[in-house]
S.K.: 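One structure follows; several queries about it will come next.
Convention: sequence-line order gives letters A, B, ...; per-chain numbering from 1.
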2 protein chains.
Amino acid sequence: MTRPAKASSYHHGDLRRAILDAGEAELTEGGLAGFSLRRVAARVGVSHSAPAHHFGDTAGMIEALAERGFHRLLACMEARQAAGLQTPYERLLGSGMGYLDFALSHPGLFRLVFGRPAPPAPESGLRQAADAAFLHLAAAVAAVQGGAPLAHSGALAQVLACWTRVHGLAELALSGYIPNLADDPQSAPARAARDALFRELFEVHITPG
Amino acid sequence: MTRPAKASSYHHGDLRRAILDAGEAELTEGGLAGFSLRRVAARVGVSHSAPAHHFGDTAGMIEALAERGFHRLLACMEARQAAGLQTPYERLLGSGMGYLDFALSHPGLFRLVFGRPAPPAPESGLRQAADAAFLHLAAAVAAVQGGAPLAHSGALAQVLACWTRVHGLAELALSGYIPNLADDPQSAPARAARDALFRELFEVHITPG
DNA sequence: CTTGCAATCTTGACGCTGTCAAGTTATGAT
DNA sequence: ATCATAACTTGACAGCGTCAAGATTGCAAG
C-alpha cells in the first residue's frame, strides 16, 4: 500500500505513476523515436536513473506504457460502444470508432502498443490487458451474430476481419495516407468524418465479378 | 556517373549503395529501434561518419531506405499479381498477397516505410515511389470494376477499403497477433496459409442483421 | 606531365543517451 | 529505539548522432 503524494525530496510517494504520466506526455509530444528515460526523469524532477529503478530498463518502461495503452484502448471502445445505438451491429461499429478515437488521439501510444510483439506471458498484466481488449471486440462481433464469442471456427475469422479493417484504417490514417483524417483528431467534425469513412470502408464488399 | 567498385581505401566507388545495403541488413537483424549509423558504417568497413556524409543525418538515411522499401513493395505486388490467375479479381488478390509477402519477409523495412509520415514533397523520389505503389493498387481495383483508376468518387473508397484490409492484416501479423502467420514467412506452406487467410478476411462481409 | 580544385572519406571532439555500481535517505516493523 | 529494507541519488562508463577540420583521391585544365 503506497501512500500517495508525499512531498519529501526522497520517497515521492507515487513516483511510479508520475513517471508513467510523464512518459505518456513525452510520447505524445515527441513520439517513440525520441523517447528518453532521462527526459522523462527531468520532467518529473527526479534523478536520471529513477525510471530505471522502477521499471528495470527502457524495455520495462515501454512495456508498462503498453499496458496502459491497452487499458485506454478498451476504455475508448467501451465508451463509444455504450454511446452507440441499440442494435448489435451499431454497437460493433461503435467499438471500431472507439478504436479509431484511441489511435488518432494517442498516436504515440497506439504505435507503441502495436509496434511491439504481442505479449506472450499468460499471467502478465500486459497480456491480460491485451486479452481484455481483444475479448471486447470478439464479444461485439458475437453479439452481431447472436452467439457466444468465438463459438465456431468461422467466428474467429469474423473477428479478425473486423480487427484488421479498423486497425489498417487507424495505421494508414496515423501516417497521413488518408486525407484530412489525422488533422485535429479531437474535434467533433473530424470525428464525424472518421466515423463516416470507417462505416463505409467497413461495409464495402469487393465483388469478384 | 559514379564508377562502381573501386578498391582503394578512400573513394569506395559505390559507397552509397553499399551503405544502403548494410542499413537494410541491420534493419532486418535488429529492427528500427536499435538502428545505428555507426554500426552500419562498421558493417561496411568505413568510418563512423561516412553514412552521414551521404545522407546528411539519420533522418536522411531512413528516408532513403523508405524509398527503397516502396520499390520493393511494388515489386512484390507486381510479382504476385503477374503470377495470379487471369481474372481481374484474382489479380487484385495477388497484389494483396504480394503486399503481405513484403511485410512478412521484410518486417523492419515495412515498419520503417509505414511508420513515418506520408511523403509530402511532390517531386521527391520517395513520394514518386509511394505514388507508384498506390497507383498499382488503384489500377488493380479499377480493373475489377472495369473502369479507369479512381474514375468516380466511390472508387477511392474501394481502393482504401482494399488497402486498409491488407495493411491491417500485415501489421497485426507482424506483431504476432495472428497465430502462426509470422513464423518462417518465406516457406511455401506459410505463404499458402497467409494467402488463404487473406482471401477469407478480404471477402468476409459483416451483415448488419 | 603537373597543377589546382572539388568530391570523398577520416579523425577527433562534443553533448546526450541507457545502464550499472555504490552511496544516501526515509519507511515501517520489531 | 533500532534496524533491515525500500526508494532514490550520484557518479562513472561506453555507445550514439552530429559537427568541424583534416587527409586523400579523382579529374579536368593548362
S.K.: Nearest whole Å is fine: how far is D:dT25 C1' from B:Asp14 CG?
M.R.: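 For the pair B:Asp14 CG and D:dT25 C1', the rounded distance is 17 Å.
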
S.K.: I want to check one thing: is the phosphate of D:dA6, taken as OP1 and OP2, less than 4.0 Å away from some side-chain N or O of A:His54?
M.R.: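 Looking at the OP1 and OP2 atoms of D:dA6, neither is under 4.0 Å from any side-chain N or O of A:His54.
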
S.K.: Under 6.0 Å between ring centres: does that hold for A:Phe134 and B:Tyr177?
M.R.: no

S.K.: Using only modelled atom types and a 3.5 angstrom limit, is any donor from either the side chain of B:His48 or the base of D:dG15 paired with an acceptor on the other?
M.R.: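 Counting by modelled atom types and ignoring angles, no donor-acceptor contact under 3.5 Å is found here.
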
S.K.: Rounded to whole Å, how long is the line connecting atom CG of B:Asp57 with atom P of C:dC16?
M.R.: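 Between P of C:dC16 and CG of B:Asp57: 18 Å.
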
S.K.: Nearest 0.5 angstrom please: A:Ile62 CD1 to A:Leu37 CG, how far?
M.R.: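 The CD1 atom of A:Ile62 sits 7.5 Å away from the CG atom of A:Leu37.
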
S.K.: Given atom CE of A:Met61 and atom C1' of C:dT17, what is their separation to the nearest angstrom?
M.R.: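 Atom-to-atom, A:Met61 to C:dT17, this comes out as 15 Å.
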
S.K.: Using atom CZ of B:Arg43 as one end and atom P of D:dC16 as the other, report the distance to the nearest whole Å.
M.R.: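 Taking CZ of B:Arg43 and P of D:dC16, I get 13 Å after rounding.
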
S.K.: Roughly, in whole Å, what's the span from NE2 in B:His53 to P in C:dA7?
M.R.: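 Computing the B:His53:NE2 to C:dA7:P distance gives 9 Å.
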
S.K.: Please tell me if A:Ser49 has a side-chain N or O lying less than 4.0 Å from either OP1 or OP2 of C:dG18.
M.R.: no

S.K.: Under 4.0 Å between a Lys/Arg side-chain N and an Asp/Glu carboxylate O for B:Arg72 and B:Glu24?
M.R.: yes

S.K.: In whole angstrom, what separates B:Phe35's CZ from D:dG17's C1'?
M.R.: 12 Å

S.K.: Any idea which of C:dC9, C:dT19, C:dT11 is nearest the B:Leu15 side chain?
M.R.: C:dC9

S.K.: Round to a whole Å and report the spacing from CG of A:Leu37 to P of C:dC16.
M.R.: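 In whole Å, C:dC16 P lies 16 Å from A:Leu37 CG.
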
S.K.: Which of these nucleotides, C:dT19, D:dT18, D:dT9, is closest to any side-chain atom of A:Val46?
M.R.: D:dT9

S.K.: Given D:dT10, D:dA12, C:dT10, which nucleotide is nearest the side-chain atoms of A:Arg38?
M.R.: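 Of the candidates, D:dA12 comes closest.
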
S.K.: Within this structure, what is the CD-to-P distance between B:Glu26 and D:dG15, rounded to whole angstrom?
M.R.: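 So the two atoms are 15 Å apart, to the nearest Å.
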
S.K.: Just say parallel, tilted or perpendicular for the rings of B:Phe198 and B:Phe202, cut-offs at 30° and 60°.
M.R.: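 B:Phe198 and B:Phe202: tilted rings.
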
S.K.: Is the gap between the ring centers of A:His106 and A:Phe102 under 6.0 Å?
M.R.: yes

S.K.: If the cut-off is 4.0 Å, is B:Ser47 near the phosphate of C:dC9, judged by side-chain N/O to OP1 or OP2?
M.R.: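 No.
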
